[in-house]
Amino acid sequence: QVTLEESGGGSVQAGGSLSLSCKTSAYRYYSNMFCMSWFRQAPGKQREAVASIDGGGATTYNNAVEGRFAISQDFDRGVLTLQMNNLNPDDSGTYYCAAAGYTYIGTGGRCAMTMTYWGQGTRVTVSS
């Protein structure tokens with residue numbers, strides 16, 4: 001069983017920055033063959049992939065966040081991070097981290113396979 005727990009959400013003005021963290025057991029569970037993702041869901045909208053990273057460190061981003069967001073991971077600490085800069089109100093929503101084993105990154109911020117485990121989410125609000 002893989003556990004994921006997000007933290008770091010909050011309220012910020014447009015143009016500001018936030019860093020989200022996801023404490024996870026995925027790195028121990030899957031060793032180095034996995035894909036980790038950040039998703040977000042705004043009220044009334046479908047959940048969308050934001051960014052993903054695999055065990056080799058390859059990354060992929062949603063076009064809407066390319067150049068503003070950065071995904072990274074620390075195997076030793078068991079932490080997945082999403083650094084979000086130059087935020088705008090369209091970035092508001094609940095952000096979830098997710099894990100999938102035995103797969104790699106896909107395109108457009110997604111992993112190549114469906115995510116297996118999910119965190120509970122952390123809310124981000126960006127005001128104009």
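Excluded from the calculations below are hydrogen atoms, water molecules and symmetry mates; all remaining heavy atoms, backbone and side chain alike, are included.
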Closest heavy-atom contact between [X] and [Y]?
X	Y	answer
Asn85	Ser17	OD1-OG, 3.0 Å
Arg68	Leu87	NH1-CA, 3.8 Å
Arg123	Thr94	NE-OG1, 3.9 Å
Thr103	Ala112	OG1-CB, 3.6 Å
Ala100	Met115	N-CE, 3.6 Å
Ser127	Pro89	C-CG, 4.4 Å

Between side-chain atoms of residues 56-63 and protein atoms elsewhere (two or more places apart, or another chain), which donor-acceptor pairs fall under 3.5 Å?
unit_1 : atom_1 : unit_2 : atom_2 : d
Thr60  : OG1    : Gly108 : N      : 3.2
Thr60  : OG1    : Gly109 : N      : 3.0
Tyr61  : OH     : Ile71  : N      : 2.9
Asn62  : OD1    : Ala64  : N      : 2.9
Asn62  : ND2    : Ala49  : O      : 3.0

Query raised in the report: Between Thr81 and Ser21, is there a donor-acceptor pair closer than 3.5 Å when you use the side chain of the first and the backbone of the second?
Result: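 Checking the backbone N and O of Ser21 against the side chain of Thr81, no donor-acceptor pair under 3.5 Å is found.
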
Query raised in the report: Is the side chain of Thr125 donor-acceptor paired with the backbone N or O of Ser92 at a distance under 3.5 Å, no angle test?
Result: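 No: the side chain of Thr125 does not pair with the backbone of Ser92.
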
Query raised in the report: Tell me the ring pair (Phe, Tyr, Trp, His ring centres under 6.0 Å) pairs involving residues 81-115, sequence neighbours left out?
Result: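 Every ring pair (Phe, Tyr, Trp, His ring centres under 6.0 Å) pair that includes a residue of residues 81-115, provided the two are not neighbours, is Tyr30-Tyr102.
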
Query raised in the report: Quick one: ring pair (Phe, Tyr, Trp, His ring centres under 6.0 Å) pairs with a partner in residues 36-57, sequence neighbours left out?
Result: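 For residues 36-57, and leaving out neighbouring residues, the ring pair (Phe, Tyr, Trp, His ring centres under 6.0 Å) pairs sorted by first residue read Phe39-Trp118.
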
Query raised in the report: Given side chains that start at C-beta, do those of Thr116 and Val2 come closer than 4.5 Å, heavy atoms only?
Result: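 No, their side chains stay 4.5 Å or more apart.
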
Report task. Answer whether the closest heavy-atom distance between the side chains of Tyr27 and Leu80 falls below 4.5 Å. Result ->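 Yes. Closest side-chain heavy atoms under 4.5 Å.
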
Would you compute the distance between atom [atom1] of [X] and atom [atom2] of [Y] and round it to the nearest 0.5 angstrom?
X	Y	atom1	atom2	value
Ser19	Gln83	OG	CD	4.5 Å
Ile53	Cys35	CD1	SG	9.0 Å
Thr122	Leu82	OG1	CG	11.0 Å

Report task. Look at the side-chain heavy atoms of Ile, Leu, Val, Met, Phe, Trp and Tyr, link any pair under 4.5 Å apart, and say whether Met36 and Ile105 land in one connected group. Result ->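 No, Met36 does not connect to Ile105 through the hydrophobic network.
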
Query raised in the report: Are Val124 and Val79 connected in the hydrophobic side-chain network, where two residues link if heavy atoms are under 4.5 Å apart?
Result: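 Not linked; separate clusters.
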
Report task. Scan for disulfide bond (SG atoms under 2.5 Å apart) pairs involving residues 54-96, sequence neighbours excluded, and state none if there are none. Result ->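 Found none.
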
Do any side-chain atoms of residues 4-14 form donor-acceptor pairs under 3.5 angstrom with protein atoms, and if so which ones, sequence neighbours left out?
unit_1 : atom_1 : unit_2 : atom_2 : d
Glu6   : OE1    : Gln120 : N      : 3.0
Glu6   : OE1    : Gly121 : N      : 2.8
Glu6   : OE2    : Cys97  : N      : 2.9
Glu6   : OE2    : Gly121 : N      : 3.2

Requested in this report: Count the heavy atoms of every other residue, nucleotide or ligand shown that sit under 6.0 Å from CE of Met113, and state whether that count exceeds 12.
Outcome: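 Check fails, neighbour count at 12 or below.
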
Query raised in the report: Which residue pairs satisfy the salt bridge (charged side-chain N to carboxylate O under 4.0 Å, His left out) criterion with at least one member in residues 31-40, sequence neighbours excluded?
Result: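 Non-adjacent pairs meeting salt bridge (charged side-chain N to carboxylate O under 4.0 Å, His left out): Arg40-Glu48, Arg40-Asp91.
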
